[in-house]
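Please read all numbers here as calculations on a predicted model, not as lab measurements. Throughout, numbering of the chain's residues begins at 1 and tracks the sequence.
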Amino acid sequence: MRFIAAEIMIPTSLVLNNPTYQMLPTTLFNHSYGRSQKISINCAIFSSTHLSFQVGAHKGANSTSLTLENIVWPSPDDKIPFWEKSVDSSNAIVDVPVTVNKDSDLVHVVHVTAEMAPVAKVGGLGDVVTGLARACMARGHTVNVMLPLYECLPKQQLSELTLICTYNSYHDGKWIPTNAYRAVASGIPVILIEPDNHFFKGQRIYGGSYDELEAYLYFTRACLEWMQKPRIVLTIHNMEHYGECRKEQFCKSGLNADVFATTDKALDDRTIGHNPERLSLLKGGIVYSNAVITVSPTYLKETLNSGWLSGTLIKYCDKYSGILNGIDIALWNPAADVFLPAVFTAQKLDGKAICKQYVQRGLGLPAEPVEAGSDRKPLVVCVTRKMVVNHFQICGWTDGCTGKAATSRVEKEFEGLAALHNQGPSIRILLIHSEELSHMLYAAADMVLVPSIYEPCGLAQMIGMRYGAVPVVRRTGGLADTVFDMDDHSNPEMSNGFVFEGIDEGSLNWSLERAFKFYFEKPDEWKKLVQKIMEIDNSWNNAAGKYITIYNSVKAR
């Protein structure tokens with residue numbers, strides 16, 4: 001086995017993006033470089049040790065006997081918003097009776113990450129970490145997730161929290177006393193890294209009072225020192241986040257930045273000739289990883305054909321793979337979702353109608369009867385920009401939008417839109433992040449709109465389908481790999497949504513008009529489409545098998 005020494009660039013790059021967690025055998029890292037930069041690195045440390053952990057965890061779901069007579073309907077005038085009345089998210093995972101064949105060649109995988117759903121979730125990265133970890137465990141592998149012990153981490157959602165050891169890890173000329181804790185979160189073993197300094201303090205996963213770049217550099221090194229001899233698989237979640245790093249910042253990890261400041265290693269090509277030139281942690285990760293994965297086959301093609309890192313990816317294309325993300329069908333399970341006012345299945349959709357009316361009432365939107373006839377209106381849920389909001393204002397379609405903007409400028413723009421539209425009869429813009437509300441919106445939606453200009457993979461369309469929301473998407477990245485147009489008669493078996501190509505409003509309008517026409521004019525066929533998409537297998541099991549194949553391939557080198 002070829003070992004990775006402390007001076008290797010790749011681990012360090014990972015740190016900048018996101019925290020990593022140390023463990024013995026096989027390791028997998030998923031990293032995020034701060035709020036605006038997301039990357040994932042999979043590190044694999046292999047050993048013969050195999051520990052067994054229970055997959056799944058908290059049982060219990062809403063009663064399937066819930067009826068219109070015993071439901072308490074929410075109102076926008078309620079003192080507590082309806083989504084905040086839900087159960088604790090620690091109870092969100094329900095065992096799903098799925099038969100998964102065990103693998104024969106077992107490895108130990110460690111995900112090094114800044115996020116993990118639901119205990120430390122900001123975006124899709126957290127879902128990916130939890131879903132992939134659970135799927136690998138189900139196949140018989142040993143899995144750990146390494147995560148910073150954020151001050152804001154909900155300790156009540158961690159069981160068996162135990163201090164393993166205290167050791168020193170280097171940062172900026174000092175050896176930092178570091179605690180490593182073992183715990184279980186949602187049935188998954190985690191290792192929590194806690195430095196004896198100000199890193200990871202504050203009430204948010206990102207946006208603390210500390211320098212995030214330095215914090216994740218420290219965290220990655222601390223994890224690597226814990227693991228000692230990992231094989232590293234870098235997973236790129238979004239190529240737009242390059243991990244730009246000044247040399248003096250990089251040197252705080254204890255490595256000499258000048259060694260890596262060349263075009264064949266980690267020099268950020270966009271800064272050549274600038275004063276100062278800078279490093280790209282993502283580029284360094286690509287160069288020094290044992291393997292590189294991105295999150296969909298189509299996004300792999302797109303990254304090879306465009307962007308300043310395409311040349312580096314082409315150079316290392318023999319170790320570059322595209323594996324479509326899955327969704328955690330234990331966490332996202334409409335038949336046993338503790339966040340919903342009523343559960344439902346593809347065969348029994350009554351609960352979905354209850355969820356729709358529940359959300360409509362809670363947001364102050366006109367609520368249609370559960371047994372709606374020709375007067376029914378589609379509820380469209382989307383993460384959107386201004387153009388889409390204006391479109392819905394013109395068309396008058398009910399729309400729910402939730403999320404947090406990436407920058408203060410965009411957030412202020414959304415705040416203005418919310419003030420303008422939220423008092424009207426058909427649009428609600430919610431500038432919050434709520435795990436509970438996201439489950440309810442997917443369950444209530446007739447359609448989920450994902451009009452992304454680019455989308456490496458996308459989980460919204462897959463989660464939407466799992467909850468019976470028909471996807472309307474732009475053909476890009478993982479959206480192109482998962483949604484196939486209803487009007488494409490060449491492959492009707494695959495048809496499951498409405499797809500458009502252009503980036504203009506007209507293209508979007510055309511796809512929505514087709515979706516609305518289908519919804520209004522063919523209600524029986526719409527119901528069959530809803531049942532069809534709910535039964536599509538977008539689980540992590542298939543993807544996990546492909547990841548395991550890559551782990552084994554780098555182990556053998």
Side-chain angles (χ1 to χ4, degrees), residues 58 60-94 117-123 126 150-158 186 202-205 207 331-334 336-344 351-370 379-383 398-405 411 414-415 417-445 463 467 469:
H58 313 280
N62 295 7
S63 170
T64 55
S65 63
L66 185 65
T67 64
L68 290 175
E69 288 72 32
N70 58 28
I71 191 170
V72 178
W73 296 105
S75 164
D77 298 324
D78 291 343
K79 195 174 214 180
I80 301 174
F82 65 89
W83 59 87
E84 293 183 5
K85 299 176 184 176
S86 187
V87 297
D88 192 292
S89 60
S90 62
N91 294 319
I93 306 295
V94 180
V119 294
K121 177 181 172 179
V122 176
Y150 297 107
E151 183 181 32
C152 63
L153 211 64
K155 308 296 191 301
Q156 72 276 11
Q157 296 185 29
L158 302 171
S186 299
Q203 298 308 306
R204 299 170 62 180
I205 299 299
L331 182 63
W332 298 102
N333 180 12
D337 192 324
V338 297
F339 293 137
L340 304 185
V343 295
F344 57 95
K352 183 170 178 63
I354 293 175
C355 290
K356 180 177 179 179
Q357 187 174 158
Y358 190 88
V359 167
Q360 286 173 323
R361 290 193 181 198
L363 294 178
L365 294 167
E368 65 184 42
V370 171
L379 176 65
V380 182
V381 170
C382 60
V383 177
T398 305
D399 173 47
C401 172
T402 182
K404 291 293 288 183
E411 188 158 350
F414 272 107
E415 288 172 353
L417 289 170
L420 177 64
H421 295 296
N422 279 357
Q423 301 305 312
S426 62
I427 295 174
R428 293 295 179 268
I429 301 173
L430 306 172
L431 299 178
I432 63 172
H433 173 77
S434 167
E435 186 72 10
E436 297 87 348
L437 180 58
S438 64
H439 283 246
M440 293 180 183
L441 287 177
Y442 283 121
I463 296 171
Y467 282 70

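When side chains are defined from C-beta on, V381 does not count as touching M440, because their heavy atoms never get closer than 4.5 Å. Proximity of K121 to P118: side-chain heavy atoms (C-beta onward) are nowhere separated by under 4.5 Å. Looking only at side-chain heavy atoms (C-beta outward), S75 and D78 come within less than 4.5 Å of each other.
The CG atom of L365 lies 10.5 Å from the NZ atom of K356; values are rounded to the nearest 0.5 Å. The CD atom of E84 sits 13.0 Å away from atom NZ of K79, with the distance rounded to the nearest 0.5 Å.
Counting all heavy atoms, side chain and backbone alike, A342 lies closest to C355 at O-SG, 3.2 Å. Nearest heavy-atom pair across I80 and K85 is O-CE, 3.1 Å. For the pair L331 and A117, the tightest heavy-atom approach, listed with the atom from each and the gap, is CD2-CB, 4.4 Å. Annotation for A444 and L379: closest pair O-CD2, 3.5 Å, computed over non-hydrogen atoms. The shortest non-hydrogen separation linking L153 to A120 is CD1-CB, 3.7 Å.
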message: If you apply the rule side-chain contact (heavy atoms from CB on, under 4.5 Å), what do you find for F82 with V72, and how did you get there?
response: CA-CA 10 Å; F82 65 89; V72 178; over 6 Å; no
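K352 pairs by the side-chain contact (heavy atoms from CB on, under 4.5 Å) definition with F344, not counting sequence neighbours.
Proximity of a side-chain donor or acceptor of Q203 to a complementary backbone N or O of C152 within less than 3.5 Å is not detected. Listed for the Y467 side chain is a donor-acceptor partner under 3.5 Å among the backbone atoms of N333. Without hydrogens or angle criteria, R361 side chain to W73 main chain gives no donor-acceptor distance under 3.5 Å.
In this pair, H439 and F339 present their aromatic rings perpendicular. The plane angle is above 60°, beyond the 30 to 60° band.
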